[in-house]
Protein chains: 2
Amino acid sequence: MASCTVVYTTTTQSLNKNCSFSSKSHLGFHHQKHLVFYKRSSSKRGSPCVITCGAAAGDQTLVIGLAADSGCGKSTFMRRLTSVFGGRAEPPKGGNPDSNTLISDTTTVICLDDYHSLDRTGRKEKGVTALDPRANDFDLMYEQVKAIKDGIAVQKPIYNHVTGLLDPPELIKPPKILVIEGLHPMFDSRVRELLDFSIYLDISNEVKFAWKIQRDMAERGHSLESIKASIEARKPDFDAFIDPQKQYADAVIEVLPTQLIADDNEGKVLRVRLIQKEGVKHFSPVYLFDEGSTISWVPCGRKLTCSYPGIKFSYGPETYYGHEVSVVEMDGQFDRLDELIYIESHLSNLSSKFYGEVTQQMLKHSDFPGSNNGTGLFQTIIGLKIRDLYEQIVASRVEAPVGAAKA
Amino acid sequence: MASCTVVYTTTTQSLNKNCSFSSKSHLGFHHQKHLVFYKRSSSKRGSPCVITCGAAAGDQTLVIGLAADSGCGKSTFMRRLTSVFGGRAEPPKGGNPDSNTLISDTTTVICLDDYHSLDRTGRKEKGVTALDPRANDFDLMYEQVKAIKDGIAVQKPIYNHVTGLLDPPELIKPPKILVIEGLHPMFDSRVRELLDFSIYLDISNEVKFAWKIQRDMAERGHSLESIKASIEARKPDFDAFIDPQKQYADAVIEVLPTQLIADDNEGKVLRVRLIQKEGVKHFSPVYLFDEGSTISWVPCGRKLTCSYPGIKFSYGPETYYGHEVSVVEMDGQFDRLDELIYIESHLSNLSSKFYGEVTQQMLKHSDFPGSNNGTGLFQTIIGLKIRDLYEQIVASRVEAPVGAAKA
């Protein structure tokens with residue numbers, strides 16, 4: 001039997017009294033005065049060190065998964081989400097300047113690239129991409145997310161995007177809401193089980209291509225051929241390992257080329273679909289006018305004037321990977337505040353706390369990408385939905401604490 | 001100068017004290033103790049006999065025009081309209097059994113065929129159809145509608161549809177609401193000026209053909225060829241004299257083949273459009289969800305289950321003969337009460353007096369043609385709109401009587 005070291009934190013976090021502990025391997029590693037799970041990327045694979053805790057009512061961390069390809073606006077999404085809860089999200093103070101983590105009063109966002117088991121050189125040597133499960137440590141991901149959910153701080157590794165190396169770990173204390181964002185939040189079934197809510201950002205190939213051209217060609221001076229080649233090279237692994245995760249998502253934000261302009265390939269005007277799974281506890285999908293029916297709506301008309309090519313909304317029930325879903329779609333973009341507030345006023349089930357909150361949030365971050373189209377709108381709405389989910393879960397825990405539920 | 005006889009009625013109707021009278025021809029004709037305008041169809045054309053009256057506030061008859069081709073459901077429409085005001089519409093008591101007039105407590109419906117100046121034989125001899133202005137006496141139509149509007153009873157001719165002859169006239173007393181229905185209510189500009197509200201029933205050629213086959217072939221044993229020939233024969237005059245009137249209508253009910261069934265030519269499932277002119281005093285168009293925007297709505301979904309081929313509504317602003325209009329469209333038909341009430345509950349500006357009044361009216365006359373589709377629905381809605389128009393006009397007269405308005 002291998003050793004597994006458990007250290008109670010004396011500062012902010014303590015193990016719940018009714019924790020059971022079983023040591024199965026020598027994967028344990030401790031650092032300062034906090035309980036840590038850390039498996040060095042070089043260490044031999046083995047059985048994990050498991051701590052089972054019954055977290056106290058109202059204490060448990062809410063875990064949100066956000067999946068998307070790299071460069072697809074996850075960080076913007078995260079900034080919008082954090083903003084809904086108030087406060088600013090910043091990297092851990094005094095830590096690694098290349099940390100991928102963002103911490104605010106309520107939320108901690110960790111990047112799942114930190115669970116890469118192979119660094120850049122390692123991947124090159126073995127000929128695998130970062131998308132490949134073999135380049136990622138799902139055991140550690142599961143153990144650490146579970147620990148945080150159970151109220152236990154962890155020492156999470158850091159994948160340094162600048163150097164491409166695995167840096168020494170950083171301390172992650174259990175927040176109210178933990179967001180795990182990256183390529184594989186819903187890949188491993190054990191991690192998936194830990195998610196209270198999951199989101200998939202689904203950027204269509206056409207839009208991805210247009211965005212990559214904009215960023216890599218205009219801003220970084222890459223050639224069109226090299227961009228095409230890099231997209232093609234990623235595609236098989238993306239299709240095999242990333243894309244299938246969307247079937248598990250509670251909400252999918254699908255980004256497509258506009259249908260308002262014939263044969264548009266600029267990728268500037270977008271058609272964005274918010275696909276919301278039905279029957280998810282504490283999550284009631286947003287709808288347009290009449291819940292459960294099929295609607296299309298062009299708000300630009302007599303009361304609202306929009307510039308070319310206008311705005312078109314659609315709403316209706318659909319089936320998505322065998323699940324019943326409700327889809328709200330926005331094609332086009334708004335130019336002015338009155339357009340945004342007009343649209344907000346016609347959406348129902350927004351989970352906003354006051355009239356105009358979506359508009360206020362959008363205006364607050366008008367410099368973020370997608371602030372004038374459906375990506376920003378639906379990201380903001382999902383932010384409100386997560387806040388609502390969090391508040392409902394906290395309220396339900398207060399109403400029915402663990403002991404009472406068992407009695 | 002010719003003679004023009006004016007007789008004050010001693011029973012129900014009297015000329016207003018501030019009438020001015022000018023006799024211009026010998027068209028006058030009197031009958032019993034009522035003021036009459038009657039020009040024998042055989043009499044020579046000449047200047048009309050004019051009486052100008054300022055009707056007392058609240059007294060003036062509201063005049064509604066309803067235009068449509070024969071056999072296009074005008075009488076069903078009229079029965080729905082009358083029903084909205086309560087009471088039953090019946091032919092004048094003790095009069096000509098072939099009278100085309102229908103009288104209820106509030107409404108009097110006269111058929112403009114009564115103003116045919118040529119009887120069936122006369123039209124045959126001259127080679128003109130009933131659609132041709134030359135077969136109709138618009139001078140007399142104008143004079144009599146104006147007289148009724150001004151509170152003066154008239155002796156209106158009767159065109160006998162059975163014999164094809166012009167029968168002796170019948171007395172028409174000024175009602176609260178006079179409906180003039182027929183081929184030419186908006187043809188003559190003078191008559192048009194008298195209308196407080198006008199409606200055009202616009203049946204598309206495909207539907208007209210399907211209906212004629214149903215009626216003339218199945219029920220009357222006509223051949224397909226003869227039906228086609230009769231439609232073709234009417235078409236030039238219809239296009240020249242009837243169809244152009246729709247540009248003047250405040251509301252058009254357009255009846256088209258369904259778009260829910262590919263290549264449907266049965267004419268059983270209908271797509272019906274209610275085209276409502278904007279800016280008409282005392283008439284605020286019905287809308288769906290969001291006034292002034294463009295919407296399509298398939299109510300059949302999660303909350304409402306409909307049988308094949310379902311129901312689809314559309315709504316939006318359009319331009320119709322250069323006028324700004326709002327169009328509500330219904331494609332499909334409802335089978336059950338819950339479908340009808342669901343639809344009613346999502347339409348706004350219905351001018352109903354209580355929740356469910358449209359549904360109640362539709363159910364009351366479920367045996368009328370079109371009771372399960374947009375023709376019945378929109379006819380009922382227009383009925384409510386006319387009641388509302390009437391009540392608004394009466395209220396405005398009480399608030400601002402003639403004398404006050406002049407001061």
Side-chain angles (χ1 to χ4, degrees), chain A residues 259-260 275-280 283-320 323-332 334 336 338-349, chain B residues 259-260 275-280 283-320 323-332 334 336 338-349:
Chain A
Q259 289 180 338
L260 300 176
I275 301 165
Q276 309 162 92
K277 198 179 271 182
E278 288 289 332
V280 175
F283 172 60
S284 59
V286 172
Y287 67 87
L288 195 57
F289 299 119
D290 178 35
E291 198 170 6
S293 72
T294 301
I295 291 194
S296 83
W297 176 48
V298 178
C300 319
R302 239 169 242 150
K303 284 200 282 187
L304 184 72
T305 316
C306 312
S307 67
Y308 178 82
I311 302 170
K312 183 179 177 179
F313 274 79
S314 305
Y315 163 72
E318 289 184 25
T319 303
Y320 186 79
H323 297 292
E324 206 180 337
V325 296
S326 286
V327 180
V328 179
E329 175 183 313
M330 174 181 171
D331 197 351
F334 24 77
R336 299 192 320 269
D338 57 352
E339 295 171 12
L340 183 45
I341 188 75
Y342 191 81
I343 287 161
E344 176 177 358
S345 70
H346 287 88
L347 290 165
S348 297
N349 256 0
Chain B
Q259 289 180 337
L260 300 176
I275 301 165
Q276 308 162 90
K277 198 178 272 183
E278 287 290 332
V280 175
F283 173 60
S284 58
V286 171
Y287 68 87
L288 196 57
F289 299 120
D290 178 35
E291 198 171 5
S293 73
T294 301
I295 291 194
S296 82
W297 175 48
V298 178
C300 319
R302 240 170 239 149
K303 285 200 281 186
L304 184 73
T305 316
C306 313
S307 68
Y308 178 83
I311 302 170
K312 183 179 178 182
F313 273 79
S314 307
Y315 164 72
E318 289 184 25
T319 302
Y320 187 80
H323 297 291
E324 207 180 337
V325 296
S326 286
V327 180
V328 178
E329 175 183 313
M330 174 181 172
D331 197 352
F334 23 77
R336 300 191 319 269
D338 56 353
E339 296 171 11
L340 183 46
I341 188 76
Y342 192 80
I343 288 161
E344 177 177 358
S345 70
H346 287 87
L347 290 166
S348 297
N349 257 359

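Residue numbers begin at 1 in each chain, while the letters A, B, ... track the order of the sequences. Only heavy atoms go into these numbers, but all of them, side chains included; no hydrogens, no water, no symmetry mates.
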Contacts with chain A made by residues 290-302 of chain B (heavy-atom distance under 4.5 Å), listed by residue number: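 Expected list: B:Asp290, B:Glu291, B:Gly292, B:Ser293, B:Thr294, B:Ile295, B:Ser296, B:Trp297, B:Val298, B:Pro299, B:Gly301, B:Arg302.
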
Part of residues 312-319 of chain B lying next to chain A, heavy-atom separation under 4.5 Å: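 Under the 4.5 Å heavy-atom cut-off, B:Pro317, B:Glu318 qualify.
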
Listed partners of B:Glu329 passing salt bridge (charged side-chain N to carboxylate O under 4.0 Å, His left out), at least two apart: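 Partners of B:Glu329 under the salt bridge (charged side-chain N to carboxylate O under 4.0 Å, His left out) test: B:Arg271, B:Arg273.
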
Contacts of A:Phe283 that satisfy ring-ring contact (aromatic ring centres under 6.0 Å, His included) - sequence neighbours left out: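 Counting only residues at least two positions away or on another chain, A:Phe283 forms a ring-ring contact (aromatic ring centres under 6.0 Å, His included) with A:Phe197.
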
